[in-house]
Amino acid sequence: MAEQLTPMQIAQSQLRAAANKLNLEDSVLEMLLEPQRVVCVRIPVKMDDGTTKVFNGYRSQHSTAIGPAKGGLRFHPGVNLDEVKALSFWMTFKCGVLGLPYGGGKGGIEVDPKKLSRGELERLSRGYVRALADVLGSNKDIPAPDVNTNNQVMSWMLDEYSVINRQTDFGMVTGKPILLGGSKGRNEATGRGAVVTLLEALTKLKMDIKGRTVAIQGFGNVGSVAADLLWELGAKIVAISDISGGIYNQDGIDIKALLEHTAQSEYVSGFAGAIQMPGDQVFELPVDIVIPAALENVLTEKNAPKVKAKIVLEIANGPTTPKADEIMAKNGVLVLPDILSNAGGVTVSYFEWVQNNYGYYWSEDEVNDRLTKKMQESFATVWDMMQENQVDMRTAAYMVSVQRISEAIKLRGIV
Ligand code: NAD
């Protein structure tokens, strides 16, 4: 029978694998298996037609053992409590792998933002902050953009929070516009960090990026940046899919031309420089590298046996099920785990928060250099842990993170 685990069950199974290896105390494991705090809110919004609609909102704070909760806010009709909890869980371990002074948080609103006017979207974003103002703050829980949210949503949230507290607290959200305390390099940070991770892995495998073939699912914020950087480095991106379907060009897709196309028509479908292909085949193509950069739970026991790539670079959160992990490990596929590969975004969010606290701002080169260094150091730590313990890279990443978090939990006397 096909495995049908929820994102939270997947996250818990990943943690248990690392906990077993580390002989983690039961009390620490108990603390980490579920979020520390979950808040569910109802957000009434006055719609343009005079009616009032009520939306479900969530915020999950998985752990604050190492510092304030940190994590994105997602607007999507499929948002639910289980998913938000799992995403906050992954944030804890992501911050732990990178050694950032944060715990994990995540939020979401069940909404299709494409169906709202700009005014309705603003009232919804402000309503979310009003409902959760008590648990948010630069030293409590710091949201950031995620699927379908952006720096405009962060600006409204910053303003609402500042109105409530009668002072501007720039560090209460990250992913802000530069003018409102945002960091240079933040928009590209997740894609850039993922590419650094991939380059480190290629170096270990004695492979060059030039001419490597790549297939990508997702051409949004992170997928498009990663594609662009890889294209500039000489990789050949032969296939890309998004919600509209897939496109393929065996000689490599011209990413700059595709970016121009999506700036006009939003989706990859209809791009003149490639042929159409079914989007769900993107992971099964004979390429060197596949990159899930859209959704969770997309590499499963069904398609994992068909993965021909040598490397899976996880940019989406939670794209691989535990069964798929097992299958790909057996087949010698190196999976670069989400909690390491996509941590560039939260790392530059951390830099943004540091700059807000200092009131002093860095150049883009400085941000990118610091990001590259942090990703390289974290990759090396995880790689060494993998070699020393003969585990897969995901378990190694969790082991690095769990060691740090459990030490903080014990030092604070929580258990
Ligand atoms: P986005 O909304 O900008 O882009 C999402 C992309 O996925 C779009 O191209 C969309 O068409 C595609 N997509 C949606 N449904 C699909 C489907 N059924 N099949 C194929 N493609 C589909 O979001 P994003 O910010 O690029 O985030 C993508 C993933 O990366 C998410 O899992 C997110 O949690 C993760 N992530 C994002 C960041 C960040 O900084 N934005 C950081 C870490 C992780």
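Any value given below was found using the heavy atoms of this structure, including those in side chains, with hydrogens, waters and symmetry copies removed. Since the model is a prediction, treat every value here as computed from it, not as a measurement. Ligands are counted one by one from 1 in listed order, and the atoms in each one are counted from 1 as well.
Summary of contacts: the protein heavy atom closest to atom 11 (O) of ligand 1 is Ile243 N, 3.1 Å. Scanning all protein heavy atoms for the shortest distance to atom 18 (N) of ligand 1 gives Leu295 CD1, 3.3 Å. The closest protein non-hydrogen atom to atom 9 (O) of ligand 1 is Phe219 N, 2.9 Å. Among all non-hydrogen protein atoms, the one lying nearest atom 7 (O) of ligand 1 is Ala294 CB, 3.2 Å. Of the protein's non-hydrogen atoms, Thr190 OG1, 2.7 Å is the one closest to atom 40 (O) of ligand 1. Considering only non-hydrogen protein atoms, atom 27 (O) of ligand 1 sits nearest to Val222 CG2, 3.9 Å.
In this comparison of Asp242, Asn221, Val147, the heavy atom closest to atom 21 (N) of ligand 1 sits on Asp242. In this structure, of Gly218, Ala293, Ala316, the residue bringing a heavy atom nearest to atom 28 (C) of ligand 1 is Ala293. Scanning Gly220, Gly344, Gly246 for the heavy atom closest to atom 6 (C) of ligand 1 points to Gly220.
Ion pairing between Asp338 and Lys94 fails under the 4.0 Å rule for side-chain N and carboxylate O. At a threshold of 4.0 Å, the pair Lys53-Glu120 does not count as salt-bridged, since none of the basic side-chain nitrogens sits closer than that to a carboxylate oxygen. Salt bridge status for Arg59 with Asp141: present, with a side-chain N to carboxylate O gap under 4.0 Å. With respect to Lys140 and Asp134, no salt bridge is recorded, no charged nitrogen being found less than 4.0 Å from a carboxylate O. Note on Glu160 versus Arg123: no salt bridge recorded, every NZ/NE/NH1/NH2 to OD/OE distance being 4.0 Å or above.
Ligand 1 lies within reach of Arg74, whose nearest heavy atom is under 4.0 Å from it. Ligand 1 has no atom lying under 4.0 Å from any heavy atom of Gly345. Ligand 1 lies out of reach of His76, whose nearest heavy atom is not under 4.0 Å from it. Not a single heavy atom of Gly279 sits closer than 4.0 Å to an atom of ligand 1.
Residue contacts with ligand 1 for Glu314 are absent, since no atom lies close enough (heavy atoms, distance under 4.0 Å). Within the 4.0 Å heavy-atom criterion, the part of Asp146 lying near ligand 1 is the side chain and not the backbone. Contacts with ligand 1 closer than 4.0 Å are made by heavy atoms of both the backbone and the side chain of Asn342.
Taking any N or O of Asn317, backbone or side chain, at least one lies under 3.5 Å from an N or O belonging to ligand 1.
A ring-centre distance under 6.0 Å is not found for His261 and Tyr267. Ring centroid separation for the pair Phe170 and Trp353 does not come in under the 6.0 Å cut-off.
The aromatic rings of Tyr350 and Tyr102 sit perpendicular, their planes meeting at an angle over 60°, well past the 30° parallel limit.
The minimum heavy-atom distance linking Ile311 with Leu336 is given by the pair CG2-CD1, 3.7 Å.
Taking a cut-off of under 4.0 Å to the non-hydrogen atoms of Gln217, the atoms of ligand 1 that pass are 19 (N), 20 (C).
With 3.5 Å as the limit, one finds no donor-acceptor pair spanning the side chains of Arg186 and Thr174.
A distance of 9.0 Å separates CG of Leu116 from CG of Asp48, quoted to the nearest 0.5 Å.
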